[in-house]
Amino acid sequence: MIYFDLFCVSIKQDYKISAMLNLILFGPPGSGKGTQAAKLVEKYGLLHISTGDLFRSEIDNQTALGMEAKSFMDKGQLVPDSVTIGMLKNKVLANPEVNGYIFDGFPRTIAQSEALDDLLEELGQPITALIALEVEEEEIVARLLERGKTSGRPDDADESVIRKRIAVYLAQTTPVYEYYQQHEKSVSIKGMGTIEDIFHALCTEIDRHL
Ligand code: ADP
């Protein structure tokens, strides 16, 4: 079984581009979004927005939003759209002076996609591209179980929660790929191999939009 990780790109001014590139990094849990996003931020000077990281920060700060999110995350379920979209909007609107955004782990539903498009349309900065990383299911499970040994994340520690997250991804999130494909913005690349090889493939795809 093949899965996706999607990106939409944004680019740095000194990187010879005239318009912002806004990238969606899309894909199943454990497909390497966070790893690759960190490298892309360094190269292109984008703002990385990971909804998973934002939720974990809220949990660490023991906010009401964090406590609500945790009850869903620990079970491998999606946090409700209303909560997630509101948090994402706040983060984008608080950071207007950027070269572009890498959205990681968002949008995960069609409703989130529509909300993101509405927000970016208001800002006059549409999604440029969505890039998906393809990774086989058993590879994903193995990566997450390995990550769970050190990440301290409860959702990585239990194989049944990992499999639930994959099932949720297939049912609720893969339609997002098709949603952006309607506008010919979706592309997928192989998410297996070395980190550098995958990064190179991503950059090749992103550079087409510069
Ligand atoms: P992973 O990609 O490894 O599952 P994330 O850090 O992206 O890790 O997400 C962890 C959890 O946070 C998800 O399983 C889900 O419960 C919640 N979450 C993150 N992003 C979203 C989102 N866009 N919509 C709903 N829930 C989300």
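All ligand and atom numbering here is 1-based and tracks the order in the structure. By convention here, the first residue in the shown sequence is residue 1.
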Next item on the list: Could you find the nearest protein heavy atom to atom 20 (N) of ligand 1 and give me its residue, atom name and distance?
Entry: Thr51 OG1, 2.8 Å
Notebook entry, point to check: Would you call Asp155 and Lys70 a salt bridge, taking side-chain N to carboxylate O under 4.0 Å as the test?
Noted result: no
Note to self: Need the ligand 1 atom indices (1-based, order shown) with element for anything under 4.0 Å from a heavy-atom of Gln77.
What the structure shows: 15 (C), 16 (O)
Next item on the list: Would you check the N or O atoms of Gly105, main chain and side chain alike, for any that come under 3.5 Å of an N or O of ligand 1?
Entry: yes
Notebook entry, point to check: Where the side chain of Arg108 meets the backbone of Gly105, is there a donor-acceptor pair that is under 3.5 Å apart?
Noted result: yes
Notebook entry, point to check: When you measure from atom 7 (O) of ligand 1 to every protein heavy atom, which one gives the shortest distance, and what is it?
Noted result: Arg108 NH1, 3.1 Å
Note to self: Going by side-chain contact (heavy atoms from CB on, under 4.5 Å), Thr51 matches just one of Lys91, Met87, Gln112. Which one?
What the structure shows: Met87
Next item on the list: Please indicate whether Ile195 has more than 12 foreign heavy atoms, meaning atoms of other residues, nucleotides or ligands, lying under 6.0 Å from its CD1.
Entry: no
Note to self: Closer than 4.0 Å to some heavy atom of Gln112 - which atoms of ligand 1 meet that?
What the structure shows: 22 (C), 23 (N), 24 (N), 25 (C)
Item checked: Check: Ser57 side chain, Asp53 main-chain N or O, donor-acceptor pair, under 3.5 Å -> no
Margin query: Against ligand 1, does Arg147 come closer than 4.0 Å with any heavy atom?
Written below: yes
Check: Considering only the protein, which heavy-atom contact is closest to atom 27 (C) of ligand 1, and what is its distance?
Finding: Phe55 CE1, 3.7 Å
Checklist line | atom 17 (C) of ligand 1 - nearest protein heavy atom and its distance | finding: Met73 CG, 3.7 Å
Next item on the list: Report, in ascending order of atom number, the atoms of ligand 1 lying under 4.0 Å from any heavy atom of Thr84.
Entry: 22 (C), 23 (N), 24 (N), 25 (C)
Notebook entry, point to check: Looking at Lys33, which atoms of ligand 1 are within less than 4.0 Å of one of its heavy atoms?
Noted result: 2 (O)
Next item on the list: Identify the protein heavy atom lying closest to atom 8 (O) of ligand 1, giving its residue, its atom name and the separation to 0.1 Å.
Entry: Arg153 NH2, 3.0 Å
Next item on the list: Identify the protein heavy atom lying closest to atom 26 (N) of ligand 1, giving its residue, its atom name and the separation to 0.1 Å.
Entry: Val79 N, 3.0 Å
Check: Can you tell which of Met20, Lys185, His183 makes a side-chain contact (heavy atoms from CB on, under 4.5 Å) with Pro126?
Finding: Lys185
Margin query: Salt bridge or not between Glu205 and Lys190? Use side-chain N to carboxylate O under 4.0 Å.
Written below: no
Next item on the list: May I ask you to list the atoms of ligand 1 that are less than 4.0 angstrom from any heavy atom of Arg56?
Entry: 6 (O), 10 (C)
Next item on the list: Determine whether any heavy atom of Lys75 lies closer than 4.0 Å to an atom of ligand 1.
Entry: no
Notebook entry, point to check: Side chains of Thr63 and Asn61: is there a donor and an acceptor less than 3.5 Å apart?
Noted result: no
Check: Short question: side chain of Tyr101, backbone of Asn95 - any donor-acceptor pair under 3.5 Å?
Finding: yes
